[in-house]
Amino acid sequence: MYDVEEIRAQFPILSRRIGKAPLVYLDNGASAQKPQVVIDAITRGYAEEYSNVHRGLHTLSTISTERYEGTRDVVRKFLNAASQEEIILNTGTTEGINMVAYGWAMPRMEPGDEIVLSIMEHHANIVPWHFLRERQGVVIKWVDVDANGDLDPQAVIDAIGPKTKLVAVTHMSNVLGTVVDVKAICAGAREKGVPVLVDGSQAAVHQPVDVADIGCDFYAITGHKLYGPSGAGAIYVRRERMEEMRPFMGGGDMIDQVTREAVTYNVAPMKFEAGTPSIVSTIGMGVALDWMMDLGMETIAAHERRLRDHAIERFKGLNWLNIQGQSESKGAIFSLTLEGGAHAHDISTVLDKKGIAVRAGTHCAMPLMQHMGLGATCRASFGLYNTEEEVDRLVEALELCHELFA
Ligand code: PLP
């Protein structure tokens, strides 16, 4: 049985109050809170075990290196990659996607070559491709979502033409909560010989991910949404793509030999990890992923499905509330607007007075907001520690907003 109270007790911040109200944290889509095991790992990492990694032969460096490298295998297991050599540790999804843009796409794209994106992408999976458009004439082909916020995998596959070099899609929308059938997209793209990058920043938090089953070439995750520290993340890169990729940043640790005349590189994946990494944050991310896997990703997904269903049921009674995105495959992320046009910032300020943390704005997804004709929304995004009572508190606070702003 999923004991949500026992889980909540492991997150010290969840017992604090905001003003007089107990905190209801519904901004998990932006960043999640951290369990005590992660906080302890960070404290231990600095208080007892800290040193740089890979370079020293002394005891502390050996411990730090073991813990840091241990995370690589935890990520491998979390994503079900075949080998740890397919896992590059980094600072998060933004770095992961930029690495693919600079290291893999840039050297192999000519003016007029295409990248297929969905309209639902986060700016982290748009702006690096705009760089390629601006700097070397790459063409971005957009695939829209339908009125429910669904992305038809066949529409993505149909958008792949002879000049397409890459498909880059999110596994789960950070605005609408739509879960995309990336497996179908990968199967269709593979038939056309085109690699697929999947932005797993949101999906990996809420459901089991199996890159072998999905069949993608790149899968990016970000530690701070996965109940780990900020400043740590990882990207799975299929072995063949890794061999094609050029290092994105140069510096210490990623080299084999450096002379006045030349440089030779370390083996992959280390040759993509230049400089001193986010040592303790990466170790903390490994602890967070292990902790999630101990809970069970399927178990977490089932809890969040219950929260989603309860929220949908409660929202149904509110005929002045619009839920953006009605996909059948929606996760527990709700972008909300009120009839009458109350501004999302005003709504979130009222919710904050009731202790409820949500995100208001365009959610780093301006093309999607433009496509939907929306200025801003209030986003309530649920996590593994949220409860049905918290859904009810959100509903009560929204009712108050309706009274105030109608
Ligand atoms: N992609 C999606 C879908 C996201 O929701 C986010 C974060 O909000 C990112 C990418 C960027 O992640 P980060 O800022 O951790 O690099």
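Read the numbers this way: they start at 1 and go in the same order the structure lists the ligands and their atoms. This chain uses plain numbering: 1 for the first residue, then up along the sequence.
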- Using distance alone, decide if ligand 1 has a nitrogen or oxygen within less than 3.5 Å of any nitrogen or oxygen in S201. yes

- Shortest protein heavy-atom distance from atom 12 (O) of ligand 1, along with the residue and atom involved: T93 CB, 3.8 Å

- Please report which non-hydrogen protein atom sits nearest to atom 7 (C) of ligand 1, along with the residue it belongs to and the distance in Å to one decimal place. K225 NZ, 2.5 Å

- Query: Going by heavy atoms in the side chains, are V358 and L336 under 4.5 Å from each other?
  - Reply: no

- Is the H54-Y68 ring centre distance short of 6.0 angstrom? yes

- Query: Is the ring centre of Y385 less than 6.0 Å from the ring centre of Y227?
  - Reply: yes

- Sub-4.0 Å atoms of ligand 1 with respect to non-hydrogen atoms of A124: 10 (C), 11 (C)

- Query: Which protein non-hydrogen atom lies closest to atom 3 (C) of ligand 1, naming both residue and atom, and how far is it?
  - Reply: D199 OD2, 3.5 Å

- Query: Do E390 and R393 sit within salt-bridge range, that is, some charged N less than 4.0 Å from a carboxylate O?
  - Reply: no

- Query: Which of the atoms in ligand 1, numbered in the order shown and given with their element, are less than 4.0 Å from a heavy-atom of N174?
  - Reply: 5 (O)

- Task: Give a yes or no on this: more than 12 heavy atoms of other residues, nucleotides or ligands lie within 6.0 Å of atom CZ of R55.
- Result: yes

- Message: Does any N or O of ligand 1 fall below 3.5 Å from an N or O anywhere on Q202, backbone included?
- Response: yes

- Is the distance between the ring centroids of W104 and F248 less than 6.0 Å? no

- Please report which non-hydrogen protein atom sits nearest to atom 14 (O) of ligand 1, along with the residue it belongs to and the distance in Å to one decimal place. T94 OG1, 3.6 Å

- Atoms of ligand 1 less than 4.0 Å from T222 heavy atoms? 13 (P), 15 (O), 16 (O)

- Query: Are F11 and W291 near enough that their ring centres are under 6.0 Å apart?
  - Reply: yes

- Kindly confirm or rule out a cation-pi arrangement of R135 over F131, judged by NZ or CZ under 6.0 Å from the six-membered ring centre and within 45° of its axis? yes

- Message: Using a 4.0 Å heavy-atom cut-off, which part of H224 comes near ligand 1: side chain, backbone, both, or neither?
- Response: side chain

- Of all protein heavy atoms, the one nearest atom 4 (C) of ligand 1 is H122 CD2, 3.2 Å

